[in-house]
Amino acid sequence: MGSVRMTQITALVLKIVAAGYRYGFDVMEACDLPSGTAYPALRRLERAGLLKSRWEKAAEAYADGRPRRRTYELTTAGLDALPEAERKLAEVRRLLGDLPPASTGKA
Amino acid sequence: MDAPSVWIHLVSALVPGDIRSEWVEEWDGELAANGGSMKHAWGAVADAWYLRTEGLTMDAMMRSMRMAIRGLVRKPFFTALAGVTLAVGIGANTAIFTVVDGVLINPLPFPEAHRLVSYNHEAPGLGVNVPLVPHSQAMYLHYLENANALEAFAVYSDDNVNLVTDGDPQQLAGMAVTQEYFDVMGIQPFLGRAWIEGEDRPGAEPVVILGYSLWEQSFGKDRSVIGRLVEMDGVQRRVIGVMPEGYAVFEEELWIPRVIDAETANAGALGLIGVGRLSEGATVESAQVEMQNLLLRFSEENPEVLPPGVLEQAGFAADVKPLKDLFVQDVRQILWVLLGTVGIVLLIACANVANLFLVRAESRQREQAVRAAMGASRLDMLREYLTESVTLAVGSGLLGLGLAAVGVQGLLKLAPAGLPQALDIGIDGSVLAFTAVISIVSGVLFGIIPVLGYGRRDLSSALKDGGRTSTGGRERLRARSGLVVAQVALALVLLVGSGLMLRSFIALRSVDPGFDPAGLMTFRFALPRAEYEERSRVLDFHRQLSDRLAAVPGVRQVGMTSALPLTGAKNAGPMEPAERPFPEGELGPIVEQNRITPGYFETMSIPIVDGRGLEWTDQGDEFRGVVISETLARAFWPDQSAVGRMIRRQRGENSWEVVGVAGNVRFDDVQEEPLALAYFPVLSGTAESPNASYSMDVVVSVGGDPLDAIQGAREAVRAVDPRLPLINPRTVETIVAESMASTSFTVLLLGIAAGIALLLGTVGIYGVIAYIVSRRTQEIGVRMALGAPASTVLRGVLGQGMRLTAFGLAIGLLGSWGISRALASLLYGVTATDPLTFASTAGLLALVSLLATWIPARRAARIDPVEALRSE
């Protein structure tokens, strides 16, 4: 068990999982990130103990004729970390709201 | 399989083995649930790469280290054994490296220390064993005026002074230095001032600069001490400065001006050691070239002092070298030999620990095989093993550091020829770095060997049968046998080295120094010249002290000499027979010139082989009798008696009549052939050119323990002059032992190293043979059931052990042959490739390993066939 640096991406992913998206690809699509970004964020959060994963029942999956899927959900520590993730995301929104016009470099 | 699925399987090669199958399943599951387009699958590379490299983050390393520690703690016996073995190896290396670092690598603790040089001469042609030939007053003045390569130049000589404060009189180590001395060293007094111009010339007021500890102990750190008068050797000296804390080159406690008298400069003997600070841009080489030219000019301008012919004959030449070389020349070689020695010990320790790890790998074989079958790669296992071994090694490194801190103190106490205090020896940054590097390198070294023992086949077969008959076992056996061969070879190198040193030591001990040190106590005194200006008082003092000492209970004989053999004292000069002087410009043999009181020869048990010794009636202004050593007598009068002949100092005015010839004495050190010696009376010469000895070594022969006589001696001295301290009382046997200190020190340390090597090597052989026997239990059982006699089994196992030993011995002998040369200059009475030493150490090692093989071999011979077969 380790700690995780709360970046904008991890905050976003944590928030999406908290919102009830359970499968890796669903999370990925919900936050509109490429899989190469969303998955490492999931791994980091799981490593840090904010998320836990489990496998859905094999029988259910096989009945549908597909492999079983892995689901992610928040741990207690993940719930505790949620306010921090909110703050991080609020910060992003504030930054975007106050964004000054980019300099052209020719002023 | 569709394209995304193939892709996922390809990429999965990146994912660490233990989570690979789950990873594939997860991606398969997501792709299947989402229509499985390649658009989604590309990102799997980033995910896989993240998982592959995740182990390399600091966080993950800490995690695996914690796991390793947990694993080690679970096997306390194994961990303790391996850890302590390594800690001893690392500690020994750290201790020796600390000294090497302080003595050979670190610069002297003076500003711009690289510019400090020893500025003296050499004279190999004299045949006298001295590290350098110093300056006369005239030479000093000549170089001081003309040397441009030096920014500052000074000479010094030891000048111990008697200081009388409230308590007992004490003798202080002092240094007499010329004006620019503190500019050379680059350090000024922190209180008061250094010399001013002219303070080292005759007629100046006597002054003194105090060392910090003297200021602290005798003056209570009183800052008002500056300007105060203190009495030293009967002279009132004004205190003008105090040096900063910790400043001292040797162990000097005070500095007084070395007075140079330009008028009488030429008369001075060569007793002033030169130190200089190179000018900007000058190098040791350029200073050497300049000094050599200046020396030649000095010889041309002063042919009566230093004739050019003598210059040539003696090989007298300029000798400029880094100042540090002056301090460390004796110990340099010993230190490198010791560093090599402990390096070998560490290698042996690593081999032993690698063996332990191999044994453990054995017991974890099934577990590893299961993990491998589940996809753990060799790389994963390597990482795990290395984390464990490096963690253990780092722990041992810390423990070793502690051992080293203690060891260094012990080393410095044992070390021969007190190292200068200026060398700052201690555990510093570079020592820590050294320890860290050798710990990690050892950890990698012994961690990697067990892993290399794994072939891929090995793992699958291990799963099948639990490893008992697997081929991998044979691979590991080969690894272990290789380790044993290496251990035996390395142990032999150390045994040969210590054997050679031991033989040198025995040879040195059996050398007859020419006197008998048993039952002798000695101390030194130094009469203050100011109070003993009248020479008859000097002679009176010697007589009275001799009488008082003779009356001390237990004392049998009393004698005094200006310089006791083997103490490093030196007062030598060329002499010639008065009847046939050497031609102008040719140098006579260099003769060590002592002054003695009657009783000296008897006390030291030095035989008089011809004529007689000296009597009290021989001591006086007008007496011109001298006793010479056999070597000198034979050099001058090879076929006749020397008694009655006249000799003199070369080009000297006075001649002395040889009244007796004394047996030879080893004077400089025990190794060298006896020097030519001449023994003069305490007081001699003429009224115009008087000679008296103010400082003498007193030797007292005692019935019982020589040290019991110290108190009586102290009282006897006090009775004659209450202000005189007793300097350095000790036994003469101590002096003889100290003169062999560098040999005995090396013998001791090499002996310890060889002992450790022998022990570890034996354990190694025992371990391997015991392992072989345990693996072959069933096979042996079958053979015995089929009728093989126990003796055949015994011989077979012994043979296996001895084959390994023989391999190791052969390699070790070759190695020793190459390496023992490094010891050559430390040896005495034995060559570096002495066949007897080689043969006997190899024999010893063979015997010990035979014993180590015998125990498991006998166990094999006692195997009960029925039991062995039943265990299948």
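Residue numbering restarts at 1 for every chain, and letters A, B, ... go by the order of the sequence lines.
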Show which side-chain atoms of residues 435-451 of chain B pair as donor or acceptor with protein atoms under 3.5 Å away, not counting sequence neighbours.
{"unit_1": "Thr435(B)", "atom_1": "OG1", "unit_2": "Thr94(B)", "atom_2": "OG1", "d": "3.2"}
{"unit_1": "Thr435(B)", "atom_1": "OG1", "unit_2": "Val431(B)", "atom_2": "O", "d": "2.9"}
{"unit_1": "Ser439(B)", "atom_1": "OG", "unit_2": "Thr435(B)", "atom_2": "O", "d": "2.7"}
{"unit_1": "Ser442(B)", "atom_1": "OG", "unit_2": "Ile438(B)", "atom_2": "O", "d": "2.4"}

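The side-chain contact (heavy atoms from CB on, under 4.5 Å) test with Thr37(A) is passed by exactly one of Leu12(A), Val13(A), Ile9(A): Ile9(A).
Most heavy-atom pairs under 4.5 Å with chain A: of the set Ala44(B), Ala32(B), Ala33(B), Gly29(B), this distinction falls to Gly29(B). Heavy-atom pairs under 4.5 Å with chain B peak, among Arg43(A), Arg68(A), Met28(A), at Arg43(A).
With salt bridges taken as basic N to acidic carboxylate O contacts below 4.0 Å, one links Arg70(A) and Glu22(B). Ion pairing between a basic and an acidic side chain is recognised when a charged N comes within 4.0 Å of a carboxylate O; Arg69(A) and Glu26(B) show no such pairing. Of the charged side-chain nitrogens involved, none lies within less than 4.0 Å of a carboxylate oxygen, so that Arg66(B) and Glu388(B) do not count as a salt-bridged pair.
Looking at Ala48(B), there are no atoms closer than 4.5 Å to chain A (heavy atoms on both sides), in backbone or side chain. Neither the backbone nor the side chain of Trp49(B) comes within contact range of chain A; no heavy atom of the residue lies under 4.5 Å from a heavy atom of that chain. Heavy atoms of Glu29(A) lying under 4.5 Å from chain B belong exclusively to its side chain. Within the 4.5 angstrom heavy-atom criterion, atoms from both the backbone and the side chain of Pro40(A) approach chain B.
Remark: the backbone N or O of Ser12(B) is paired with a side-chain donor or acceptor of Arg20(B) at under 3.5 angstrom. A donor-acceptor pair under 3.5 Å links the side-chain atoms of Asn93(B) to the main chain of Gly89(B), judged by distance alone.
Contacts of Trp23(B) classified as side chain to side chain donor-acceptor pair (under 3.5 Å), with partners at least two apart in sequence or in another chain: Asp47(B).
For the side chain to side chain donor-acceptor pair (under 3.5 Å) condition, no pair includes a residue of residues 79-89 of chain A, sequence neighbours left out.
Taking non-hydrogen atoms and a 4.5 Å limit, the residue list of residues 14-26 of chain A in contact with chain B, ordered by number, reads Tyr23(A), Gly24(A), Phe25(A), Asp26(A).
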